[in-house]
Amino acid sequence: MYTFRNILTLFLLTLTTAIWAQEESIYKHDDRYSFIVVTKDTVKDFPPMSDEEFYGASSGVVFETGVSNISANDSFIEMYRNEVLPYINSGHLQLRKIFVRGAASPEGSYATNKKLGILRSQALLDEIKRDLRFQYTNVDAEVSNVIEDYTYLCLLMRNASDPDYALVKKYFDETGGDEVKMKTRLKAAKGGALWQRLLKEYFPQLRSARLILWFAEPDKEHTPIAELPIPDFGRHYLIPVHDSLDSQRIDPVYERRHLVALRTNLLYDAFYMPGFGFAPMWDAQLEYYPLDSHYTFNLEFTNPFWQKWDSHQFFQFRDYRFELRRYFRKKGDYTGFYASTYVENTVFGIGLSDTKGWQGEGAGAGLQGGYVLPVNRKGDLRLEFHAGLGFFYTLFDPYVYGNPVTGVEDGLYYYDFLGSANKFKERNHSFSWFGPTSLGVSLTYDILYRRNKTIKEAVR
């Protein structure tokens with residue numbers, strides 16, 4: 001028969017064991033890397049979190065209005081790559097799970113915000129997984145999406161001691177966090193003045209994708225990451241979890257990605273040749289973009305075909321160039337700095353007067369560097385600055401107008417050769433050049449796109 005003392009002893013033992021297990025499962029550090037959670041290898045389930053706890057511990061990327069692509073120089077992504085990723089790939093800790101939540105701010109249509117939340121979640125998940133070692137490429141990911149994030153809005157206002165927090169929290173409680181009702185109430189509050197203030201002060205922070213990384217410590221010989229602190233999750237449920245924040249199955253979402261772009265060199269289009277005059281060089285380039293790579297393939301064709309018969313001036317050639325480019329930003333982001341290598345082949349006919357003309361063929365190779373920046377918001381129109389250095393070799397023959405032997409102008413052009421006809425050999429002259437081979441300010445426009453399925457469904 002159990003006495004009161006036995007029952008109390010059992011209760012205290014159970015409580016002590018539970019507390020010991022909790023202390024063993026989560027390491028508590030400062031808040032520098034609060035999105036990193038490390039548990040013992042024996043912990044099989046991630047500790048439960050409220051919404052407030054998720055937002056308090058998570059970190060991630062903030063987006064511009066209507067944007068779902070992550071900038072290559074985003075500060076969070078740079079920190080992740082430079083500081084966190086080396087530890088993940090070192091194998092000292094085992095990556096168990098990735099928790100991702102994407103969201104949109106309330107401005108804009110409900111349908112657009114729904115898509116933005118999904119695309120932002122997937123964009124962050126892709127970035128986190130991109131450079132992981134093979135064993136982590138299929139690590140479990142729990143993705144949730146918030147259409148219009150009023151939960152986070154309440155938390156931000158409370159933490160800022162905002163004078164209108166009580167009013168917004170009241171609306172949140174009365175509507176149950178319903179996005180449509182919340183938007184209607186907030187827009188009408190204080191004659192629209194509250195909405196305009198929230199739009200400037202808080203909405204930019206709501207356009208985000210946030211994450212928590214859960215690691216397991218495989219054995220006691222490896223010390224936990226001293227520089228990667230672990231959050232101390234409290235149990236303060238100021239804002240409850242609402243069904244409206246749970247992800248639902250949705251139709252596939254597609255994002256249009258460039259496939260082939262058309263480019264022209266604006267400097268070539270306005271070319272002026274000394275001794276000849278204005279002679280635009282019609283230049284067309286086609287660049288092929290793989291879906292997820294640093295490399296692209298560029299084919300260029302330049303073909304001026306100018307002639308002035310009265311002055312015996314000609315500027316005609318066909319130049320074919322194949323170029324392999326390497327962009328330095330993240331895979332699939334074909335903007336910013338790039339370097340390339342190229343080969344080219346040229347057939348030309350150039351005449352400056354009745355006594356100065358050349359005809360021949362040439363080939364070359366070299367290196368080129370440039371910088372690409374978007375011109376419009378969609379990014380399908382881009383401006384490029386580039387210059388090249390290389391080697392060019394040509395075989396050619398000079399030609400003149402009229403018979404060079406008899407001096408008779410018979411309306412024909414002849415090779416400039418005065419020796420015996422049976423000793424004449426075509427392409428008896430050569431020329432080599434090493435130095436600048438290209439200079440350009442080019443305009444690029446996407447002409448073909450691929451439909452990139454970004455996410456099949458959101459599963460919480």
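- Two residues are said to be in side-chain contact when any heavy atoms from C-beta on lie closer than 4.5 Å; Leu443 and Leu381 meet this criterion.
- Aromatic ring centres of Tyr371 and Tyr327 lie farther apart than the 6.0 Å criterion allows.
- Not less than 6.0 angstrom separates the ring centroid of Phe328 from the ring centroid of Tyr338.
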Could you walk me through whether Ser105 and Arg207 pass the side chain to side chain donor-acceptor pair (under 3.5 Å) test, one step at a time? CA-CA 5 Å; Ser105 54; Arg207 299 187 286 266; 3.3 Å; yes

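- For Arg101 and Asp51, the salt-bridge test passes: some basic side-chain N is under 4.0 Å from an acidic carboxylate O.
- Using a 4.0 Å cut-off between a side-chain N of Lys or Arg and a carboxylate O of Asp or Glu, Glu107 and Lys187 do not qualify as a salt bridge.
- Ionic pairing of Arg321 and Glu323 is not present here: no N-O contact between side-chain nitrogen and carboxylate oxygen is shorter than 4.0 angstrom.
- Asp446 has a carboxylate O that lies under 4.0 Å from a charged side-chain N of Arg382, or vice versa, which qualifies the two as a salt bridge.
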Can you give each donor-acceptor pair under 3.5 Å made by side-chain atoms of residues 358-365, sequence neighbours left out, with the distance rounded to 0.1 Å?
unit_1	atom_1	unit_2	atom_2	d
Glu361	OE1	Arg427	NE	3.0
Glu361	OE2	Arg427	NE	3.4
Glu361	OE2	Arg427	NH2	2.9

Check the pair Arg263, Thr444 against side chain to side chain donor-acceptor pair (under 3.5 Å), reporting the backbone distance first and the verdict last. CA-CA 4 Å; Arg263 178 182 301 111; Thr444 303; 2.8 Å; yes

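- Side chains of Leu213 and Ile98 form a contact here, defined as non-hydrogen atoms less than 4.5 Å apart.
- At least one cation-pi condition fails for Arg96 and Phe215: the charged atom is not both under 6.0 angstrom from the six-membered ring centre and inside a 45 degree cone around its axis.
- Between the side chains of Glu426 and Tyr415, a donor-acceptor pair is found at a separation under 3.5 Å.
- Other residues, nucleotides and ligands contribute at most 12 non-hydrogen atoms within 6.0 Å of the CD atom of Glu64.
- The aromatic rings of Phe76 and Tyr80 lie parallel to each other, with less than 30° between the two planes, well short of the 60° mark.
- Taken from CG in Leu266 to CD in Glu384, the straight-line distance is 10.5 Å, to the nearest 0.5 Å.
- Taking the six-membered ring for Trp and the full ring otherwise, the centers of Tyr289 and Tyr334 sit less than 6.0 Å from each other.
- Between Trp195 and Phe203, the distance from one ring center to the other falls under 6.0 angstrom.
- In this pair, Phe314 and Tyr399 present their aromatic rings tilted. The plane angle is within the 30 to 60° band.
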Can Met79 and Val84 be said to form a side-chain contact (heavy atoms from CB on, under 4.5 Å), step by step? CA-CA 7 Å; Met79 179 273 294; Val84 178; 3.8 Å; yes

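- A donor-acceptor pair shorter than 3.5 Å cannot be found between the side chains of Asn265 and Asp269.
- Contact of the Ile77 side chain with the Ile70 side chain is registered, since non-hydrogen atoms from C-beta on lie closer than 4.5 Å.
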After noting the C-alpha distance and the side-chain angles of Asn113 and Lys115, does the key distance pass the side-chain contact (heavy atoms from CB on, under 4.5 Å) rule? CA-CA 5 Å; Asn113 290 337; Lys115 292 181 179 180; over 6 Å; no

Taking it one step at a time, do Gln316 and Gln307 satisfy side chain to side chain donor-acceptor pair (under 3.5 Å)? CA-CA 8 Å; Gln316 303 172 349; Gln307 54 196 24; 2.9 Å; yes

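- Side-chain N/O atoms of Ser340 and Arg325 include no donor and acceptor closer than 3.5 Å.
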Go through the steps to decide whether Asp397 and His429 satisfy the test side-chain contact (heavy atoms from CB on, under 4.5 Å), and finish with yes or no. CA-CA 6 Å; Asp397 288 310; His429 299 75; 3.8 Å; yes

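- Side chains of Asp283 and Asn303 form no contact here, defined as non-hydrogen atoms less than 4.5 Å apart.
- Looking only at atom types and distance, the side chain of Tyr342 has a donor-acceptor partner in the side chain of Thr437 under 3.5 Å away.
- Taking 4.0 Å as the cut-off between side-chain N and carboxylate O, Arg329 and Glu127 do not count as a salt-bridged pair.
- Here the closest heavy-atom approach between residue Gln368 and residue Ser438 is recorded as OE1-OG, 2.9 Å.
- To the nearest 0.5 Å, atoms CG (Asp416) and OG1 (Thr355) are separated by 8.5 Å.
- No cation-pi contact links Lys97 to Trp214, judged by a cut-off of 6.0 Å to the six-membered ring centre and 45° from its axis.
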Could you go through the side chain to side chain donor-acceptor pair (under 3.5 Å) check for Gln285 and Thr264 one step at a time? CA-CA 6 Å; Gln285 303 177 44; Thr264 184; over 6 Å; no

Step by step, work out the side-chain contact (heavy atoms from CB on, under 4.5 Å) result for Val143 and Leu125. CA-CA 9 Å; Val143 181; Leu125 184 60; 4.0 Å; yes

